[in-house]
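Read through the structure below, which is laid out as structure tokens, and then see the notes.
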Amino acid sequence: MEPQKLTEYERRRLENIKKNEEMLASLKVNSRLNDLSAATKRQRAQTKSYKNSPEKKSKTETPIVIRRSLRARGMPPNASTADGLKDGFDETTLKIPRQAHMMPKKSRPVMGTITISDAYIGTEWDKKLIDKILSVSKKSQLSCIGGVKEETDGGFSDLAVGVSENEGTGCPEMKNKLLGSIDVEKLALEPENVARVVPGRIMSVRFFPTADMTTIVVGNKYGNVGFWNVDAEKEDGDGIYVYQPHSAPVSGISLQPFLLSKMFTSCYDGFIRLMDVEKEVFDLVYSSEYAIFSISQRPDDVRSLYFGEGPGELNIWDERAGKSSFSFKLHEDKINTIDFSSENSNIMATSSTDGTASIWDLRKIDSNKLKSLKTISHKRAVYSAYFSPSGSCLATTSVDDIVGIVSGANYEDISMIYHYNQTGRWISTFRAIWGWDDSYIFIGNMRRGVDVLSSISRNIIATLQSEHMSAIPCRFDAHPYKVGMLAGATSGGQVYIWTLD
DNA sequence: CCAAATATTACCTCA
DNA sequence: TGAGGTCCATATTTGG
């Protein structure tokens, strides 16, 4: 499309290569250090020492380390050291993955694994959250035992993408999302449902997909992944746990209801990590020299990952094979979101900065190309495209100040609703999401509110406002099993959880 | 032609 | 309390 864009990507790609090289270099250095001092397997104490901040008020206030070269920050290499120190860039605060000795001795990909305890930011590793996730995860797996294997219909499974014999498919009993209608007037924000979970700008929010615990996961600009265990708040301090598995903005989080012990996160630095609670590690499952802007998984398949890489590539990664099984150039610019229809998981929607959102049928591959069923054109970049809970509608959000609603058997009905989406530079882009049925869409507004759009009357029918919402909520998630529980995340690291009275 | 600079925006931090 | 720093979005303008 516009050639200028590509050069921008080229520049970023080079930065990523550089950063990844640094990362790998640091892993190698560490590996050698570990080899030399084999007696002291883990130097936990040393790892933790830097966190002893003068006054340890709150975990979330510990200084955040950004591993970035001056060049990557757009500064000349000889920029003043003082400037670097001002950013907290200091030997003692360098956060380097420690477990390099766990890297496979295979020749090519260096799979850097970070243990969860090493990634933990705080004075002392607190295992309560991990234990809680484990117990809830085991419970949900038990309820799935005897679950019948679901065969994905036709084409795509023939291509052997992520289909496994027994454990790859989901639990058929487990609904993707609980449907329900709500009275918008009854939504309220209680003061105890506000928390600063991570420092800095939140890029992605997700509820843990279970009814057994109310837990929020967020990813921020600095590569932190933060958990807020809302239930545990009373007996467990603030219930907030922050880790640093990445070193650049966390672009996406993918969780599956029937496999709660595994969580994928994608990052602008080109890495995809898997937080495996059973193994207590953040595994490196994929690394690219391009940035990864979006990640998703099919609702019925835990074994493959779909992610947007570089300027417009959709990559399908087969976890079992440990390699990318398909790659399609779907867009001319970065893919901001990837979503699947709950009606039919072969139907996928993508949104892109190239100004379009498209719906694809993964079974329809023609000469190594996916053919789109429908393309929705906006005047400018499209920030998101999400299917409604039933799977029959699609909501798109664009910087052209439009929220599009697409419906009809062949997605032939498109209506464009005006909504001011100029977030500027400091606020993350708005992404309209669906609630718990096909009637309402939620999206942030620049006046510290949440606009509620009706897909039927196709206008703004309400705006959620609260004195406790002190910043603009820009990224949202609707709890998949708790109707009426809506999380909004801000560019200052805060999360607001709206609930029904 | 392509790269670099610029304006926009609102949050948090720290004097 | 208010100024300063932010700086991976995006489109437009300027510069070599």
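In this text, all values refer to a predicted model and were calculated from it rather than measured experimentally. Sequence lines set the chain letters: A, B, ... in the order given, protein chains first and strands last, and positions in each chain run from 1.
The residue A/Arg447 sits apart from the nucleic acid: no heavy atom pair falls under 4.0 Å.
Two rings, from A/Tyr268 and A/Phe293, have their centers less than 6.0 Å apart. Aromatic pair A/Phe264/A/Phe307: centroids not less than 6.0 angstrom apart.
Ion pairing between A/Asp477 and A/Arg206 holds under the 4.0 Å rule for side-chain N and carboxylate O.
Across A/Trp317, A/Phe326, A/Phe340, A/Trp360, a single residue satisfies ring pair (Phe, Tyr, Trp, His ring centres under 6.0 Å) together with A/Tyr306, and that is A/Phe340.
Distance A/Tyr222 OH to B/dT13 P: 9 Å, rounded to the nearest Å. Note: CG (A/Asp354) to C1' (C/dA9) measures 16 Å, nearest angstrom. Distance A/Arg380 CZ to C/dT12 C1': 10 Å, rounded to the nearest Å.
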Check: protein-nucleotides 7-9 of chain B nitrogen or oxygen pairs below 3.5 Å:
| unit_1 | atom_1 | unit_2 | atom_2 | d |
| --- | --- | --- | --- | --- |
| B/dT9 | O2 | A/Arg425 | N | 2.3 |
| B/dT9 | N3 | A/Trp426 | NE1 | 3.3 |

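The side chain of A/Lys379 contributes no N or O atom lying less than 4.0 Å from OP1 or OP2 of C/dT10. In this model, the phosphate group of C/dC7 is not approached by any side-chain N or O of A/Arg201 to a distance below 4.0 Å at OP1 or OP2. For A/Lys221 and C/dC7, the shortest distance from a side-chain N or O to OP1 or OP2 is below 4.0 Å.
Annotation: the span from A/Ile182 atom CD1 to A/Trp498 atom CH2 amounts to 11.5 Å, rounded to 0.5 Å. The distance from atom CD of A/Glu309 to atom OG of A/Ser266, rounded to the nearest 0.5 Å, is 11.0 Å.
Side-chain proximity of A/Ile472 to the nucleotides C/dT10, B/dC11, C/dC8 is greatest for B/dC11.
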